[in-house]
S.K.: 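Pasting a structure below so you can have a look.
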Number of protein chains: 2
Amino acid sequence: VAKALNIDLKQLPRTIELVRAGNSLVLQFVDQELLPDQVLIAKTSSWKEVVDAIMRLGIRGAPALGVAGAAALALWYVNELPKETGDFQENLDRVAGEIGHARPTAVNLQWGVQRMKDMIQSLDEADADANLSAVYEFVKSMEAQDEQINRSIGRHGSKLLGTNSRVLTHCNAGSLATVFFGTALGVIYTAAEEGKVERVYADETRPLGQGARLTVWELSRVGIPTTLLCDDMAATVMAKGMIDAVIVGADRITLHGDTANKIGTYNLAIAAAYHEIPFYVAAPLSTIDMNLEEGSGIPIEQRNPREVQTRPLTGVDVYNPAFDVTPASLITKIITEKGTCSPSQLRDFLGC
Amino acid sequence: VAKALNIDLKQLPRTIELVRAGNSLVLQFVDQELLPDQVLIAKTSSWKEVVDAIMRLGIRGAPALGVAGAAALALWYVNELPKETGDFQENLDRVAGEIGHARPTAVNLQWGVQRMKDMIQSLDEADADANLSAVYEFVKSMEAQDEQINRSIGRHGSKLLGTNSRVLTHCNAGSLATVFFGTALGVIYTAAEEGKVERVYADETRPLGQGARLTVWELSRVGIPTTLLCDDMAATVMAKGMIDAVIVGADRITLHGDTANKIGTYNLAIAAAYHEIPFYVAAPLSTIDMNLEEGSGIPIEQRNPREVQTRPLTGVDVYNPAFDVTPASLITKIITEKGTCSPSQLRDFLGC
């Protein structure tokens with residue numbers, strides 16, 4: 001018998017929210033470096049502070065980075081540009097470049113920045129008030145669209161799950177990784193209301209513990225029964241028949257379907273294939289890199305060894321890639337707002 | 001060109017050492033809960049303190065547990081028995097049972113306790129001095145034998161490695177897991193002197209970080225180039241062609257070759273098989289459970305959720321098995337002091 005879970009999404013804050021304050025813009029965001037110890041809504045009018053928040057993972061998650069990137073450029077355009085000297089186009093290129101390269105792997109960040117840059121370039125320079133409204137409304141529409149896309153991803157992905165599924169996830173592809181609702185966890189929220197989720201198993205996700213800190217917090221707050229496990233335990237729960245499906249998010253999907261996501265995703269995909277458990281990637285179409293065929297071309301961010309080594313010892317190297325690439329062959333379906341497809345059908349699915 | 005590493009094993013303390021002090025016995029051990037922050041040689045004359053050290057992982061590693069179990073029973077026999085009332089056999093059974101069940105998975109612990117129990121039962125009750133000498137010498141011979149066995153394991157295992165190998169290991173099957181020299185790391189020490197080791201990659205080994213805390217400390221001290229990585233990064237370094245072999249220890253090997261070892265070993269074995277990298281298990285014959293056919297019969301210790309959850313949240317379950325079972329099909333060779341064999345040949349190899 002399918003047991004619908006009584007979940008409450010109102011318990012979750014909106015992750016990112018652009019606010020108009022007179023003649024300036026302010027970005028509000030849940031500072032995720034502080035979760036779960038503190039739920040702080042940070043406010044900033046500085047695009048550089050947004051870049052800083054992105055680099056230190058105060059704002060993270062590929063879809064959220066897309067909107068944050070656009071919002072950061074909007075903050076620059078409205079709050080800083082009037083005070084700047086020098087060539088407009090040069091300044092725009094420089095700031096857009098700096099925001100877009102705050103982190104290298106998620107393609108959504110550059111996608112969001114590029115959308116805002118195109119928008120700004122289309123504006124009439126003369127009318128400051130109209131321009132402020134235009135960039136503000138543009139970000140607000142991206143925010144609304146992000147939630148709509150996630151709810152579509154949720155509906156499409158939920159069809160892939162059976163009654164009372166036990167789902168394993170890695171990192172946080174939840175509401176916190178988006179403006180609202182989430183991608184992989186969006187599928188789980190939709191499915192939970194349809195009686196298709198019994199329990200979620202959340203990988204800790206070393207080194208930064210996004211699973212232990214963010215996913216566990218988010219799922220518990222919403223009311224989804226959740227079990228936390230260390231990354232090296234995933235194969236064991238699979239072998240015990242405790243997992244019906246794996247669902248993860250994505251930072252970049254190539255045209256062949258190879259998918260970059262948080263380090264450990266590839267490990268998990270191999271274990272899922274070995275146990276013949278379906279492995280789903282849930283992501284908006286903006287995650288697809290239309291210029292890249294294969295996963296080997298995806299730049300992988302290498303982060304500070306201190307994240308791994310809590311007690312530094314001399315003479316020891318540390319390997320700390322933030323992402324890995326899961327080959328298309330290990331992915332059962334890619335779940336997007338347009339529907340689901342096998343990685344091998346991705347080109348046809350996109351009509352390209 | 002093979003580059004022999006100039007390693008220095010004298011940098012490592014003996015993990016366990018029974019000492020005679022007049023009419024009593026004292027066990028000295030490296031308290032591994034404090035490593036790498038502090039190298040403390042703890043001393044105790046109390047068998048209960050040894051049991052406590054085993055439970056809190058101050059003493060750990062299957063081969064070390066075998067000797068520690070025997071030594072704990074020797075401490076009881078020499079230091080406590082003279083003060084006890086009640087039936088000798090009942091007391092012996094009770095204490096041996098308590099020591100042997102301090103941790104359930106490693107079969108060596110019960111093996112070591114049983115050897116000492118048989119030894120004690122063979123003694124002439126009348127001659128206390130001779131008995132003290134007998135149990136003391138028995139433990140000392142177990143200590144010496146452990147090192148000899150490990151050196152044999154090292155010689156047999158080294159033959160499996162090619163020139164300048166890059167070896168991945170999980171948890172700590174090093175000198176710290178034995179009286180001295182180590183099993184999996186014993187293979188690496190032997191091979192390093194023969195120019196067969198370029199670098200060791202050490203899995204962090206969550207939740208208790210034996211790789212990050214112990215293996216990295218031990219290898220660095222000896223002089224082996226070492227790279228620390230999180231458990232969820234192992235598949236990525238394999239995919240990049242950075243790993244030539246995986247070598248791990250074992251807590252219990254069944255007659256079919258299924259092997260219990262630290263949680264995460266199974267995950268690693270699946271990833272190694274996927275990348276066609278040989279996966280070796282190095283262990284003394286005392287690790288083989290002659291009474292067990294299949295891995296499903298191995299009891300797996302479940303430990304405190306606090307080990308996983310550094311920031312406890314309400315409504316969240318934690319899954320925290322200390323070990324997992326790697327099926328024989330994923331193991332390339334088992335390396336023992338008698339030589340190496342495929343898991344499928346284990347019975348013939350043992351002559352049983």
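Each chain gets a letter, A, B and so on, in the order its sequence line appears, and its residues count up from 1.
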S.K.: Step through the shown structure and confirm whether more than 12 heavy atoms of other residues, nucleotides or ligands are within 6.0 Å of CG on A:Asn304.
M.R.: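 More than 12 heavy atoms, drawn from other residues, nucleotides or ligands, come within 6.0 Å of this atom.
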S.K.: For the residue pair B:Pro207 and A:Met233, establish whether any side-chain heavy-atom pair is separated by less than 4.5 Å.
M.R.: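 Sidechains of A:Met233 and B:Pro207: in contact.
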S.K.: Return yes if some donor-acceptor pair links the side-chain N/O of B:Asn267 with the main-chain N/O of A:Asp231 below 3.5 Å, else return no.
M.R.: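 Looks like yes, one N/O pair under 3.5 Å.
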S.K.: Mind checking the CG-CG spacing from B:Asp203 to A:Asp232? Nearest 0.5 Å is all I need.
M.R.: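 These two atoms lie 7.5 Å from each other.
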S.K.: For atom CG of B:Asp8, is the number of surrounding heavy atoms from other residues, nucleotides or ligands below 6.0 Å larger than 12?
M.R.: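 Counting other residues, nucleotides and ligands, CG of B:Asp8 exceeds 12 neighbours.
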S.K.: Quick one: are A:Val308 and B:Leu228 in side-chain contact, heavy atoms under 4.5 Å?
M.R.: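 Yes, side chains in contact.
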S.K.: Could you tell me which portion of A:Met238 (side chain, backbone, both or neither) has an atom closer than 4.5 angstrom to a non-hydrogen atom of chain B?
M.R.: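 Neither part; nothing is under 4.5 Å.
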S.K.: Provide the closest heavy-atom pair for B:Tyr319 versus A:Met242 in the form atom of the first, atom of the second, distance.
M.R.: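 Of all heavy-atom pairs spanning B:Tyr319 and A:Met242, the closest is CE1-CE, 4.0 Å.
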S.K.: Heavy-atom distance under 4.5 Å to chain A: side chain of B:Pro305, backbone, both or neither?
M.R.: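 For B:Pro305, there is no contact with chain A at all, as no heavy atom is under 4.5 Å.
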S.K.: Using a heavy-atom distance cut-off of less than 4.5 Å, which residues of residues 32-39 of chain B contact chain A?
M.R.: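 From residues 32-39 of chain B, the residues near chain A are B:Pro36, B:Asp37.
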S.K.: Let me know if A:Ser220 has heavy atoms under 4.5 Å from chain B in its side chain, its backbone, both or neither.
M.R.: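 Side chain of A:Ser220 only, per the 4.5 Å heavy-atom cut-off to chain B.
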S.K.: For residues 212-226 of chain B, which residue pairs pass the salt bridge (Lys or Arg N to Asp or Glu O under 4.0 Å) check, not counting sequence neighbours?
M.R.: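 Salt bridge (Lys or Arg N to Asp or Glu O under 4.0 Å) check on residues 212-226 of chain B returns no pairs.
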S.K.: Can you tell me which residue among B:Thr265, B:Ile300, B:Val325, B:Asp324 is in a side chain to side chain contact (heavy atoms under 4.5 Å, CB included) with A:Thr236?
M.R.: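 Exactly one candidate clears the test, B:Asp324.
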S.K.: What residues of residues 251-260 of chain B make heavy-atom contacts with chain A at a cutoff under 4.5 angstrom?
M.R.: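 So far as heavy atoms go, nothing in residues 251-260 of chain B approaches chain A to under 4.5 Å.
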S.K.: Could you list which of residues 269-279 of chain A have a heavy atom closer than 4.5 Å to any heavy atom of chain B, in residue-number order?
M.R.: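 The stretch touches chain B at A:Ile270, A:Ala271, A:Tyr274, A:His275.
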S.K.: Please rank B:Ala212, B:Pro321, B:Ala202 by heavy-atom pairs under 4.5 Å with chain A and give me the top one.
M.R.: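 Among the listed options, the one with the most contacts to chain A is B:Pro321.
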S.K.: Which distance, rounded to the nearest 0.5 Å, do you find between the CG of B:Asn320 and the OG1 of A:Thr227?
M.R.: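 Nearest 0.5 Å value for the CG-OG1 distance: 12.0 Å.
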S.K.: Counting heavy-atom pairs under 4.5 Å with chain B, which one of A:Thr205, A:Leu219, A:Asp317, A:Val216 comes out on top?
M.R.: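 Highest number of pairs under 4.5 Å: A:Asp317.
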S.K.: Do you know which of A:Val316, A:Val237, A:Leu229 has the most heavy-atom pairs under 4.5 Å to chain B?
M.R.: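 That would be A:Val316.
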S.K.: In terms of heavy-atom pairs under 4.5 Å with chain B, which of A:Leu268, A:Ile224, A:Thr226, A:Ile263 leads?
M.R.: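 Option with the top pair count is A:Ile263.
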S.K.: If you round to the nearest 0.5 Å, how far is CZ of B:Arg206 from CZ of A:Arg206?
M.R.: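 Here the rounded value is 6.0 Å.
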